[in-house]
Amino acid sequence: MASLWDDLDSLVNSPSSFTATTGERGTIKPKANFDAEDDAVALRKAIEGLGTKEKTLIDILTHRSSAQRKLICEAYQGATSRTLVEDLKGDTTGDFEDLLVALATPPAAYDCHEVMRAMKGAGTNDSVLIEIFASRSNQQIKALTDVYLEETEKKLHLDMKSEVSGDFSTALLLLAEGKRDENTTVDAEKAKEDAKTLYDAGEKKWGTDESKFVDILCQRSIPQLRQTLVEYKNISGKTLQQSIEGEMSGELEELLVAIVKCVKSVPAYFAERLYESMKGGGTDEASLNRIMVSRSEIDLLDIRAEFKKLYEYSLHSAIKSDVSGVLGDCLESICGGDDE
């Protein structure tokens, strides 16, 4: 298997998926000659007929952009006085239902609902919060928090504060503000200075000053952090990820490692997450669904390429061998080509 984080020096000039926008490297593209009313009628027939026509649901919802799916939802509600999401929930079940509902939900609202689900009930699903806030752009985080305010009439920042604690809380809340520096100009001297600060706060001293890691990794721009990773390796002889893994533990370690991985390559980070969701005896369908839907119009083509590079078989074949039935059919349709 290829090493996930080799070729460190190529970082500085690599493109960032933090800047990727809908439609550029996604597998789902807008349909030409699109007609929302026609699609709404077809979906209604598929749901209301004798037995659900899952193939129709999959064909339409995985071959329309999120903007087109939003128009379909509006047309559907106009014709039936019910929402498409309500009818999908009433007519399908389990992980397949969750996947179709995800496709019928606008991206910012879907991110928001995943965050809400992660905080619901006793305990918090920290891994979901880490995945979302480590990988999303400022714009995506702002859109997510706007939906949260609209739906709950509360500020996400305040609700999250009561769910998490310690340095992990400080880091997560910094990311949830959506105020990461967006300057694309790299200050080489600042990168050296930050690298030394991180080295002095971790490898060089007895104990670790976690606050320095949080401050730098949660606020510097992505291009700036890329240069900092290179400078850190020059000073330490280790990668920053190796140092974090050696110095920290628990949720804070998981979050900071996720940030470092996303700085290096968002598609590689998600390729690894997808692999983890399918390896071993069981499948983490919730993570598989979330990643496939949320990246389907952003960088799923790049994630497919990274998956093949890392694991030497295609994402499509992994899904095909791991997930069966209509859920597998739907995920394969979102994935698109086989990369064989």
Side-chain angles (χ1 to χ4, degrees), residues 17 19-92 95-111 113 137 139-140 143 147 267 270 288-305 314-316 319-320 323 325-340:
S17 284
T19 59
T21 55
T22 300
E24 288 180 358
R25 297 291 299 157
T27 54
I28 295 181
K29 310 285 185 184
K31 182 183 184 290
N33 306 314
F34 164 71
D35 189 310
E37 283 74 18
D38 284 355
D39 283 345
V41 169
L43 289 170
R44 193 168 79 247
K45 285 180 180 174
I47 291 170
E48 290 178 350
L50 188 61
T52 305
K53 309 288 191 298
E54 287 93 349
K55 186 177 185 305
T56 301
L57 301 182
I58 293 168
D59 283 349
I60 291 175
L61 293 176
T62 64
H63 292 96
R64 309 292 186 271
S65 68
S66 56
Q68 290 176 333
R69 295 194 296 266
K70 184 171 184 288
L71 294 173
I72 293 168
C73 288
E74 290 167 2
Y76 190 97
Q77 188 167 359
T80 65
S81 299
R82 301 185 306 273
T83 69
L84 176 57
V85 166
E86 285 168 348
D87 280 1
L88 290 170
K89 284 182 175 179
D91 215 60
T92 57
D95 296 305
F96 181 55
E97 173 199 320
D98 292 342
L99 183 54
L100 294 181
V101 167
L103 288 164
T105 305
Y110 180 54
D111 270 356
H113 296 164
S137 66
Q139 291 75 16
Q140 288 171 315
V147 173
F270 279 115
L288 188 53
N289 285 354
R290 180 180 58 256
I291 295 167
M292 293 296 288
V293 172
S294 65
R295 308 314 292 187
S296 62
E297 290 183 84
I298 299 173
D299 55 2
L300 193 49
L301 288 172
D302 296 326
I303 292 168
R304 272 173 27 184
S314 71
L315 176 58
H316 189 279
I319 292 169
K320 194 174 182 68
V323 190
V326 288
L327 177 63
D329 292 343
C330 196
L331 287 167
E332 285 177 52
S333 186
I334 293 169
C335 184
D338 196 13
D339 295 325
E340 290 291 9

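Given the structure is predicted, the values throughout are model-derived calculations rather than measurements.
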(message) For T105 versus V101, what's the shortest heavy-atom pair and its separation?
(response) OG1-O, 2.6 Å
(request) Supply the atom-to-atom distance L88 CG to I47 CD1, rounded to the nearest 0.5 angstrom. (result) 4.5 Å
(request) State, to 0.1 Å, how close C73 and A104 come at their nearest heavy-atom pair, and which atoms those are. (result) SG-O, 3.6 Å
(message) If you apply the rule side-chain contact (heavy atoms from CB on, under 4.5 Å), what do you find for Q140 with I298, and how did you get there?
(response) CA-CA 12 Å; Q140 288 171 315; I298 299 173; 3.4 Å; yes
(message) Treating N289 as the side-chain partner and D95 as the backbone partner, does any N or O pair qualify as donor plus acceptor under 3.5 Å?
(response) yes
(request) Can you measure from CG (L103) to CG (L84) and round to the nearest 0.5 angstrom? (result) 10.0 Å
(request) Answer yes or no: is there a donor N or O on one side and an acceptor on the other, between the side chain of S296 and the main chain of V293, under 3.5 Å? (result) yes
(message) Please report the interatomic distance CG(L71) to OG(S65), rounded to the nearest 0.5 Å.
(response) 8.0 Å
(request) Taking all heavy atoms of P267 and all of D299, pick out the closest pair and write down the distance. (result) CG-OD2, 4.0 Å
(message) Nearest 0.5 Å, please: how far is CG in L315 from CE in M292?
(response) 5.0 Å
(request) Supply the atom-to-atom distance S333 OG to I319 CD1, rounded to the nearest 0.5 angstrom. (result) 10.5 Å
(message) Show the nearest heavy-atom pair for residues A102 and Y110, with the distance to one decimal.
(response) CB-CE1, 3.4 Å
(message) Looking at every non-hydrogen atom in both residues, tell me the closest pair between K31 and H63 and how far apart they are.
(response) CB-O, 3.6 Å
(message) Just verifying a value: how many Å separate D87 CG and L43 CG, rounded to the nearest 0.5 Å?
(response) 10.0 Å
(request) Look only at the side chain of Q68 and the backbone of F34, and say whether a donor-acceptor pair between them is shorter than 3.5 Å. (result) no
(request) Please confirm whether the backbone N or O of I334 pairs with a side-chain atom of T27, one donor and one acceptor, at under 3.5 Å? (result) yes
(message) Evaluate K45 against K53 for side-chain contact (heavy atoms from CB on, under 4.5 Å), listing each step before the verdict.
(response) CA-CA 8 Å; K45 285 180 180 174; K53 309 288 191 298; over 6 Å; no
(message) Can a donor-acceptor pair be found, under 3.5 Å and without considering hydrogens, that links the side chain of R304 to the backbone of C335?
(response) yes
(request) Would you check if the side chain of R69 reaches a backbone N or O of R64 as a donor-acceptor pair within less than 3.5 Å? (result) yes
(message) Evaluate D329 against F96 for side-chain contact (heavy atoms from CB on, under 4.5 Å), listing each step before the verdict.
(response) CA-CA 10 Å; D329 292 343; F96 181 55; over 6 Å; no
(message) How close do R44 and A79 get, counting heavy atoms only, and between which atoms?
(response) NH1-CB, 3.8 Å
